[in-house]
Amino acid sequence: MPVESRFLALLGPPMSGKGTQAARLTQLLGIPQISSGDLFRDNIKNQTNLGLEAKKYMDRGDLVPDEVTIGMVKERLHREDCLRGALLDGFPRTIPQAEALDEILVGVDASLAVVISVAVPEDVLVERACGRRICRTCGQSYHLKFGPPKAPGICDEDGGELYQRNDDKPETVRQRLEVYQAQTSPLVEFYRARGILQEVNGDQTIDDVADDIRQAVNEL
Ligand code: AP5
Ligand code: MG
C-alpha cells in the first residue's frame, strides 16, 4: 500500500466486530484507530458539552447529527498521530459524512485507500450485543461466550474494569440495527461504485475474520 494512502475505514452494522478487528489491524499497520463511538464515549465520560449532546442520541440508538460528528472526527484526524494515516471505525455512517471525509482527506493530501465492509446476519448481531463487555479504561471489547477475558470482569490488556454499554439493551440494539439499514447501509454501494470496497464475512471466528481482513488489505 502506498505510504501516502494509509487511510482505511471499517464499515458494518452494530456488533459486526469493527472495534475488535480495528484493535488488531492498527497494531499490524502502525496507525491509530479512530472510533467515532469511542470519541463520543470519552466525551460523555469527561462530561463535555459535546458528550452531553451526543448522549441524548446514543441512548436512543440514533445517530448523532452529522455536523457534530464531522467536526469531532475532523479535529481528531488533524492531530499529529494521524499524519501517516488512520483506521476509521464507525465513521463515516451517512453519505454526508462520507463526502465530508473526502474533503478532510483532500485537505491533508490523502484519500481513502480501502473500505472494509464486515457483513453479519442480524440474529447473530443481537446475540453478540447481549454478551459484550467493554474495558472502562482502554475500550477493548470482550464477549462472555465468544471472546471472554482471562479473568472475569477484568481487561487482559490493562486490568481495567469491564462494563456493559448503555446502548446494548435489546430495544436500543433493535433501533441501532434499523438506523444502520436506513442511513448507513447505502455506503456499501457508494464505496463499491468507487471501486475501493472490500467485503468480508464477519460471521466467522474472530481470528478467521482477522485473516480475511489482512488479506484484503494486503491485496491493495
Ligand atoms: P459505536 O460505538 O460505533 O457502535 P456500533 O456501530 O453500534 O458498533 P459497536 O461498537 O456496537 O460494534 P462493533 O462493530 O465495534 O463490534 P465489537 O468489535 O464491539 O457507536 C455507538 C453510537 O455512537 C451510535 O449508535 C451513534 O449514536 C453514535 N455514533 C458513533 N459513530 C457515529 C457516526 N459516525 N455518526 C453518528 N453517530 C455516531 O464486537 C461486538 C461483540 O461481538 C463483542 O462482544 C465482541 O467480543 C464480539 N465479537 C466480535 N467479533 C466476533 C466474532 N467474529 N465472533 C463472535 N463474537 C465476536
Ligand atoms: Mg465498536
Side-chain angles (χ1 to χ4, degrees), residues 9-26 33-44 50-51 53-74 76-77 87-98 100-101 116-121 123-135 138-149 155-156 162-169 172-185 187 200-213:
L10 279 168
L11 177 65
M15 268 73 61
S16 54
K18 302 182 295 295
T20 304
Q21 298 299 334
R24 293 176 171 221
L25 202 52
T26 54
Q33 168 188 0
I34 311 295
S35 156
S36 41
D38 287 349
L39 292 175
F40 285 131
R41 282 183 287 277
D42 284 346
N43 274 281
I44 292 171
L50 189 148
E53 175 70 8
K55 189 174 186 317
K56 293 188 281 189
Y57 298 92
M58 292 171 75
D59 284 350
R60 292 201 300 259
D62 289 333
L63 293 185
V64 179
D66 282 339
E67 59 276 17
V68 178
T69 308
I70 291 165
M72 176 183 73
V73 174
K74 182 174 182 179
R76 181 66 188 85
L77 285 174
L87 174 60
L88 289 155
D89 157 13
F91 182 93
R93 246 169 162 104
T94 63
I95 300 281
Q97 289 182 18
L101 177 62
I116 299 154
S117 165
V118 186
V120 178
D123 52 331
V124 177
L125 297 172
V126 174
E127 192 186 3
R128 286 187 189 176
C130 303
R132 176 163 60 176
R133 297 295 181 272
I134 312 276
C135 174
C138 73
Q140 175 73 36
S141 266
Y142 295 89
H143 194 280
L144 296 180
K145 187 164 142 198
F146 306 123
C155 178
D156 294 351
L162 303 186
Y163 77 104
Q164 183 166 36
R165 258 170 54 178
N166 234 356
D167 56 351
D168 279 348
K169 292 175 295 197
T172 319
V173 168
R174 269 193 294 277
Q175 172 65 9
R176 284 161 61 204
L177 290 170
E178 277 176 29
V179 166
Y180 175 81
Q181 279 311 328
Q183 299 187 56
T184 307
S185 67
L187 287 176
V200 167
N201 173 14
D203 189 15
Q204 314 177 69
T205 66
I206 293 173
D207 285 343
D208 286 347
V209 178
D211 283 346
D212 284 0
I213 292 179

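As the structure lists them, so they are numbered: ligands from 1, and atoms in each ligand from 1. Values below: all heavy atoms of this structure, side chains included; hydrogens, waters and symmetry mates excluded.
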S.K.: Given the rule in the salt bridge (Lys or Arg N to Asp or Glu O under 4.0 Å) test, do Asp168 and Arg128 qualify, once you have shown the distances and angles that lead to the verdict?
M.R.: CA-CA 9 Å; Asp168 279 348; Arg128 286 187 189 176; over 6 Å; no

S.K.: Please identify which atoms of ligand 1 are closer than 4.0 Å to at least one heavy atom of Gly202.
M.R.: 53 (N)

S.K.: Please write down residue, atom name and distance for the protein heavy atom closest to atom 38 (C) of ligand 1.
M.R.: Phe40 CE1, 3.6 Å

S.K.: To the nearest 0.5 Å, what is the distance between CE on Met72 and CD on Glu67?
M.R.: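 These two atoms lie 12.5 Å from each other.
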
S.K.: With a heavy-atom distance limit of 4.0 Å, tell me whether Thr69 approaches ligand 1 through its side chain, its backbone, both, or neither.
M.R.: side chain

S.K.: Keeping the roles fixed (side chain from Arg93, backbone from Gly90), state whether a donor-acceptor pair exists under 3.5 Å.
M.R.: yes

S.K.: For ligand 1, is there an N or O atom under 3.5 Å from any N or O atom of Pro14?
M.R.: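 By distance alone, the answer is no.
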
S.K.: At their closest point, which heavy atom of Thr172 faces which heavy atom of Met58, and how far apart are they?
M.R.: CG2-O, 4.2 Å

S.K.: I want to know if ligand 1 touches Gly17 in the polar sense, i.e. an N/O pair below 3.5 angstrom.
M.R.: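 For ligand 1, there is an N or O atom that lies under 3.5 Å from one belonging to Gly17.
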
S.K.: With a cut-off of under 6.0 Å to the ring centre and 45° to the axis, is Arg60 in cation-pi contact with Tyr57?
M.R.: yes

S.K.: Counting heavy atoms only, name the option from Arg132, His143, Gln175, Gln21 that's nearest to atom 19 (O) of ligand 1.
M.R.: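 Answer by nearest heavy atom: Arg132.
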
S.K.: If the cut-off is 4.0 Å to any non-hydrogen atom of Tyr142, which atoms of ligand 1 fall inside it?
M.R.: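 What qualifies from ligand 1 is 43 (C), 44 (O), 46 (O).
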
S.K.: Return the closest protein heavy atom for atom 54 (N) of ligand 1 as residue, atom name and distance.
M.R.: Arg128 NH2, 3.4 Å

S.K.: Under a 4.0 angstrom heavy-atom cut-off, which atoms of ligand 1 come close to Gly19?
M.R.: 13 (P), 15 (O), 18 (O)

S.K.: Students should be able to answer this: which protein heavy-atom is nearest to atom 12 (O) of ligand 1, and at what distance?
M.R.: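 Ranked first by proximity to atom 12 (O) of ligand 1 is Met15 N, 2.9 Å.
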
S.K.: Is it true that Arg165 lies under 4.0 Å from ligand 1, counting heavy atoms only?
M.R.: yes

S.K.: Minimum heavy-atom separation for Pro96 and Ile70, please, with both atom names.
M.R.: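 Residues Pro96 and Ile70, closest heavy atoms: O-CD1, 4.1 Å.
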
S.K.: What atoms in ligand 1 come closer than 4.0 Å to a heavy atom of Ser141?
M.R.: 17 (P), 19 (O)

S.K.: What are the atoms of ligand 1, with element, lying closer than 4.0 Å to any heavy atom of Phe146?
M.R.: 55 (C), 56 (N)

S.K.: Where is the nearest protein heavy atom to atom 7 (O) of ligand 1: which residue, which atom, and how far?
M.R.: Arg176 NH2, 2.6 Å

S.K.: Could you tell me whether the side chains of Asp156 and Gln140 share a donor-acceptor contact shorter than 3.5 Å?
M.R.: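 No pair is found: no donor N or O on one side chain lies under 3.5 Å from an acceptor on the other.
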
S.K.: Of all the heavy-atom pairs spanning Pro92 and Ala98, show the shortest one and how long it is.
M.R.: CB-N, 3.5 Å

S.K.: Answer side chain, backbone, both or neither: which part of Asp62 comes under 4.0 Å from ligand 1, heavy atoms only.
M.R.: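 The answer is the backbone of Asp62.
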
S.K.: Tell me whether Gly131 reaches ligand 1 (any heavy atom closer than 4.0 angstrom to a ligand atom).
M.R.: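 For ligand 1, residue contact (heavy atoms, under 4.0 Å) with Gly131 is absent.
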
S.K.: Does Arg76 pair with Asp38 as a salt bridge, N-O distance under 4.0 Å?
M.R.: no

S.K.: Would you indicate which of Thr20, Leu88, Leu125 comes nearest to atom 45 (C) of ligand 1 when only heavy atoms are counted?
M.R.: Thr20

S.K.: Would you confirm whether Lys18, through its side chain, and Pro13, through its main-chain N or O, come within 3.5 Å as a donor-acceptor pair?
M.R.: yes

S.K.: Which one of Lys145, Arg93, Lys18, Gln204 has a non-hydrogen atom at the shortest distance from atom 3 (O) of ligand 1?
M.R.: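 Closest candidate by heavy-atom distance is Arg93.
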
S.K.: Any idea which atoms of ligand 1 are less than 4.0 Å away from a heavy-atom of Met58?
M.R.: 22 (C), 23 (O), 27 (O), 28 (C)

S.K.: For atom 37 (N) of ligand 1, what is the closest protein heavy atom, and at what distance to 0.1 Å?
M.R.: Val64 N, 3.0 Å

S.K.: Can you tell me how far CD of Gln33 sits from CG of Asp89, rounded to the nearest 0.5 angstrom?
M.R.: 5.0 Å

S.K.: Should Arg41 be listed as contacting ligand 1, given a heavy-atom distance under 4.0 Å as the test?
M.R.: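 Checking ligand 1 against Arg41, which is what was asked, there is a heavy-atom contact under 4.0 Å.
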
S.K.: Any idea which heavy atoms bring Pro14 and Tyr180 closest together, and the distance?
M.R.: CD-CB, 3.9 Å

S.K.: Identify the heavy atoms of Pro149 and Leu162 that sit nearest to each other, and give their distance.
M.R.: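 Scanning both residues completely, I find the closest heavy atoms to be CG-CD1, 3.6 Å.
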
S.K.: Once you restrict to heavy atoms under 4.0 Å, what part of Thr94 touches ligand 1? Side chain, backbone, both or neither.
M.R.: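 Thr94 to ligand 1: no contact under 4.0 Å from either part.
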
S.K.: Could you tell me whether the side chain of Arg132 and the main chain of Ser141 form a donor-acceptor pair under 3.5 Å?
M.R.: no

S.K.: Between the side chain of His143 and the main-chain N/O of Arg133, is any donor-acceptor distance below 3.5 Å?
M.R.: no

S.K.: Less than 3.5 Å between some nitrogen or oxygen of Asp168 and one of ligand 1, yes or no?
M.R.: no

S.K.: Does some non-hydrogen atom of Ala54 fall short of 4.0 Å from ligand 1?
M.R.: no

S.K.: So is Ser36 polar-close to ligand 1, meaning N/O to N/O under 3.5 Å?
M.R.: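 Indeed, backbone or side chain, Ser36 has an N or O that close.
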
S.K.: With atoms numbered from 1 as shown, which atoms in ligand 1 lie under 4.0 angstrom from a non-hydrogen atom of Gln97?
M.R.: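 Matching atoms, with element in brackets: 33 (C), 34 (N), 35 (N), 36 (C).
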
